[in-house]
*Asks:* 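Quick one: the structure is below, questions incoming.
Values in this document were obtained by computation on a predicted structure and should not be read as measured data. Counting convention: from 1, in listed order, for ligands and their atoms alike.
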Amino acid sequence: MERIFYPATQRRLRADEHIRELTATVRLSHKSFIQPLFVDEALTSPRAVKGLASVQVDTIGSVLQTIESDLKNGISKFLLFPVPANKSEIIFDFSFATTVVKRIKDVFGDAVWLSADVCLCSYTSHGHCGILNKEQSVLLNGETVNVLTKYAIQLANAGADCIAPSDMMDGRIAAIRSALNAFGHDTVSIMSYAAKFSSQFYGPFRDACHSSPQANVLKNRKTYQISPFNINDAIASALRDEKEGADILMVKPAALYTDVIAKLKQQTIKPVAAYHVSGEYAAIESLAAQNLLNRDAAHLETWAALTRSGADIIISYAARSAKNWIEQASI
Ligand code: PBG
């Protein structure tokens, strides 16, 4: 048989795992990962979250065991979501959240880097991320920023290493940065949910935090979170947060928004974090449960996509498996 040569072959570079490893343009490390943690004041024992296998809502006691086990798996960076037992509309009690932060830092000290979510959605009886007007038709910007700023200071006083505002009000980064500085917390960083979209993919999270918006008039978060149909707003919001003092800029959701990650990365020298959110995670889990994909490989493929597009940091519910999966991955 006549041998045909293809001078433009690319398949030599795909021929075996050695050459695929050597020529990979993306290398993952568990060191770039942040693990979200949920702690609910109302629980007496941990509970599972619908759709989120391998994630539970902890009690203030069980979260310490969760962190201990995560440290053994090479995960030392966390994003904490405290869920208070009592909901309100105007007056909020942040003492549960600060107790959790203090407990974690007392037990683990500098072995963990603890960032704390700053938002009111798990505090409000209507589930919105801030304070509403009387008619429950408008989320009030200034009033909300004032409360969030006080919350951020209390978290920093309790020992949080990083404040992560996810409310999407205007001006909150500047307000929080200057208040942190004024209270002597100039070393506490801010990871801003800079490009946070109004997404369908937050469902399992809202189940974990009891935070679905259910006000009289305002039924969704479209007046404060970014429209998926508007990338300009996402870039403008992120660059605005950078100017106001954010240290890390987050894009959320992640896998459906790799164009946003890529575009933002070109316009900033700040680290970009990608939050692979609960619904994106649960979609993989659900296909895996039906044997329609390999779970570990699907998460690795997603993380590779986020890294390729420019993410420096990945927030994933499967962070605690990252080290194992990356080590064992066959590329
Ligand atoms: C609260 C908040 C949300 C998430 C993080 N912080 C949900 C929302 O905006 O409704 C979503 C995270 C996830 O789905 O994994 N503002």
*Asks:* Any N or O on S211 sitting closer than 3.5 Å to an N or O of ligand 1?
*Replies:*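 No - when backbone and side-chain N and O of S211 are compared with those of ligand 1, no distance drops under 3.5 Å.
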*Asks:* Should F197 and I173 be counted in the same cluster of Ile, Leu, Val, Met, Phe, Trp and Tyr side chains packed under 4.5 Å apart?
*Replies:*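 The answer is yes; both residues are in one hydrophobic cluster.
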*Asks:* Counting only heavy atoms closer than 4.0 Å, does ligand 1 sit against the backbone of C121, its side chain, both, or neither?
*Replies:*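 The answer is the side chain of C121.
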*Asks:* For ligand 1, is any non-hydrogen atom under 4.0 Å from S278's backbone (N, CA, C, O), its side chain (CB onward), both, or neither?
*Replies:*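 It is both backbone and side chain that touch ligand 1.
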*Asks:* By number and element, which atoms of ligand 1 are closer than 4.0 Å to a non-hydrogen atom of K196?
*Replies:*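 Taking each heavy atom of K196 in turn, ligand 1 has 1 (C), 2 (C), 3 (C), 6 (N), 8 (C), 9 (O), 16 (N) under 4.0 Å.
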*Asks:* Any Lys/Arg nitrogen of K105 or D161 sitting under 4.0 Å from an Asp/Glu carboxylate oxygen of the other?
*Replies:*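 A salt bridge links K105 with D161.
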*Asks:* Can you name the residues that form a side chain to side chain donor-acceptor pair (under 3.5 Å) with S69, not counting sequence neighbours?
*Replies:*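 Applying side chain to side chain donor-acceptor pair (under 3.5 Å) to S69 gives none.
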*Asks:* Among H128, K252, R206, which residue places a heavy atom closest to atom 5 (C) of ligand 1?
*Replies:*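 Nearest option to atom 5 (C) of ligand 1, by heavy atoms: K252.
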*Asks:* Given 3.5 Å as the limit, does a donor-acceptor pair link the side chain of D40 with the main chain of V57, or not?
*Replies:*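 Such a contact is absent between D40 side chain and V57 backbone.
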*Asks:* Using distance alone, with no hydrogens and no angle criterion, decide if H128 and Y224 have a side-chain donor and acceptor under 3.5 Å apart.
*Replies:*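 Yes, a side-chain donor-acceptor pair sits under 3.5 Å.
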*Asks:* Testing the 3.5 Å rule here: is there a donor-acceptor pair between the side chains of T59 and S62?
*Replies:*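 Side chains of T59 and S62: pair found under 3.5 Å.
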*Asks:* With R206, which of S122, C121, P213 fulfils side chain to side chain contact (heavy atoms under 4.5 Å, CB included)?
*Replies:*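 Checked S122, C121, P213 against R206; only one passes side chain to side chain contact (heavy atoms under 4.5 Å, CB included): P213.
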*Asks:* Using a strict cut-off of 4.0 Å, indicate which atoms of ligand 1 neighbour a heavy atom of Q225.
*Replies:*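 So the atoms of ligand 1 that pass are 8 (C), 9 (O).
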*Asks:* Can you sort out the partners of R308 under side chain to side chain donor-acceptor pair (under 3.5 Å), two or more places apart, ordered by chain and number?
*Replies:*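 Scan of R308 (side chain to side chain donor-acceptor pair (under 3.5 Å), adjacent residues dropped) gives none.
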*Asks:* Counting heavy atoms only, which of F205, Y317, Y275, Y193 comes nearest to atom 7 (C) of ligand 1?
*Replies:*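 When every heavy atom of F205, Y317, Y275, Y193 is considered, F205 comes closest to atom 7 (C) of ligand 1.
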*Asks:* Only heavy atoms of C129, strictly under 4.0 Å: list the atoms of ligand 1 that pass.
*Replies:*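 Answer, ordered by atom number: 16 (N).
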*Asks:* Check if Y281 has a non-hydrogen atom at a distance under 4.0 Å from any atom of ligand 1.
*Replies:*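 Per 4.0 Å heavy-atom rule, Y281 does not contact ligand 1.
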*Asks:* Under 4.0 Å, heavy atoms only, figure out whether ligand 1 is touched by the backbone of F81, its side chain, both or neither.
*Replies:*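 It is the side chain that touches ligand 1; the backbone stays farther off.
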*Asks:* Can H276 be said to touch ligand 1, with heavy atoms closer than 4.0 Å?
*Replies:*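 No.
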